[in-house]
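A quick write-up on the structure given underneath.
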Amino acid sequence: MTSKNIDNLRDSLLSKIESAADLNSLDDIRVSALGKQGSLTALLKGLGKASAEERKPLGQAINEAKVKINNAIAIRKEFLDAQALDLRLASETVDVTLPVRPEQEGKIHPISQTIDEMVAIFCEMGFEVAEGPHIETDFNNFTALNIPPEHPARQEHDTFYLPKKEDGSRLVLRTHTSPVQIRTMLSKKPPIRIIVPGRTFRADYDATHSPMFHQIEGLVIDQSTHMGHLKGCLIEFCRTFFGVSNLPSRFRPSYFPFTEPSAEMDIGCSRKGGGLTIGAGEDWLEILGCGMVHPKVLAACGIDSNLYQGFAFGLGIERAAMLKYGIPDLRTFFDSDLRWLQHYGFLSHDIPSVARGV
Ligand code: DAH
């Protein structure tokens, strides 16, 4: 080996590098020179055979050649990279004047939207979401709620019964979300602050009734809960849900077997000009049922009514959605008509979150 050999090899590699047409051939050249079997690597390996005084200058020359080649590769690579990017930019231009392609976007059903809105409001107040099964025992759906077997309220509920069991008992499709009150009180100790959105079932079908519908139930049990808490909580809820900060409201005495006293809450509305507007006006609209939990219900769940009291409420989700979003017929919620959903449905960014505020 002579220094001439090294110079020749270096020059021929440098000229190949300079004329490499693309990144792949550049890499082939790099491997052919510096790889394990590369020509420059072979020269380094051959150094052992050189005489002692030649070894140092030859070694230095090989290393210098290596540095030059590496630099040349880096410069060529930068050039080829930039060239490849220019090529891509030129070939991938976007014509911003083209019309957009029509896109089918899914919509969120008004029931899901309304449940999300209600849950966000109540969670902000410190409520937790509880759930229960659609198939219930007679005890949870009726008896524990102070609706004994011969109670007239049982007839009003148009219950779907499952076939009788051998012992004569029969399960029901829950007629309201109230049995989740019982389940919760039986399984955990006060303080309790829950809301229960969910499906309910009654044998009824017309423009304002469907055999399957949704309710949201609320239950608060604590040591010093009183009717003022009930009113404050529900007034705040209705104002936030309907987005009317000075929404008038009133509580009318009513009757539910599971609350004493019981009330129905009305909100102010106007029916002028045929339409219905929620807010100040000359009229009232019933919105929900509520009351202080009956001592017998607490007793059925093993809660001492001398120590604990609470309030409960229940409202129909379809009805609230119809009022808020101007949907005229309850049955259309469950027709699965895509045109209806496109019209009344919501985009995913409409979903309220507690963080964003309702
Ligand atoms: N469960 C009742 C119904 O389906 C609604 C209701 C009224 C629930 C008053 C309550 C309440 O918790 O206190 O008609």
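Atoms considered below: every heavy atom in the structure, side chains included; atoms not considered: hydrogens, waters and symmetry mates. We count ligands from 1, going down the list as the structure has it; atoms in each ligand are counted the same way.
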Does the separation of the ring centres of Phe237 and Phe122 fall below 6.0 angstrom?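 Close enough - the centres of the two rings lie under 6.0 Å apart.
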Looking only at the aromatic ring of each residue, does the gap between the centers of Phe142 and Phe258 stay below 6.0 angstrom?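 Between Phe258 and Phe142, the centre distance exceeds or equals 6.0 Å.
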Flag the pair Asp138 and Arg154 as a salt bridge only when some basic side-chain nitrogen lies within less than 4.0 angstrom of an acidic carboxylate oxygen.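 Salt bridge present between Asp138 and Arg154.
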State whether Phe241 and Lys324 meet the cation-pi test: NZ (Lys) or CZ (Arg) under 6.0 Å from the six-membered ring centroid, and within 45° of the perpendicular axis.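 Pair Lys324/Phe241 counts as cation-pi.
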May I ask you to check whether Glu64 and Gln60 show a side-chain donor-acceptor distance below 3.5 Å?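 There is no such pair (donor and acceptor under 3.5 Å, judged by atom type) between the side chains of Glu64 and Gln60.
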What does the 4.0 Å heavy-atom contact list look like for ligand 1?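 Within the 4.0 Å shell of ligand 1, which is judged on heavy atoms, sit His176, Ser178, Gln181, Arg202, Gln215, Glu217, Phe256, Phe258, Thr259, Gly289, Cys290, Gly291, Ala312, Phe313, Gly314.
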Residues 200-210, side-chain donor-acceptor partners within the protein, below 3.5 Å, at least two apart:
{"from": "Thr200", "atom 1": "OG1", "to": "Phe213", "atom 2": "O", "distance (Å)": "3.1"}
{"from": "Arg202", "atom 1": "NE", "to": "Thr175", "atom 2": "O", "distance (Å)": "2.9"}
{"from": "Arg202", "atom 1": "NH2", "to": "Thr175", "atom 2": "O", "distance (Å)": "3.0"}
{"from": "Asp206", "atom 1": "OD1", "to": "Thr208", "atom 2": "N", "distance (Å)": "2.8"}
{"from": "Asp206", "atom 1": "OD1", "to": "Thr208", "atom 2": "OG1", "distance (Å)": "3.2"}
{"from": "Asp206", "atom 1": "OD1", "to": "His209", "atom 2": "N", "distance (Å)": "3.0"}
{"from": "Asp206", "atom 1": "OD1", "to": "His209", "atom 2": "ND1", "distance (Å)": "3.0"}
{"from": "Asp206", "atom 1": "OD2", "to": "His209", "atom 2": "ND1", "distance (Å)": "3.4"}
{"from": "Ser210", "atom 1": "OG", "to": "Met212", "atom 2": "N", "distance (Å)": "3.3"}
{"from": "Ser210", "atom 1": "OG", "to": "Met212", "atom 2": "O", "distance (Å)": "2.5"}

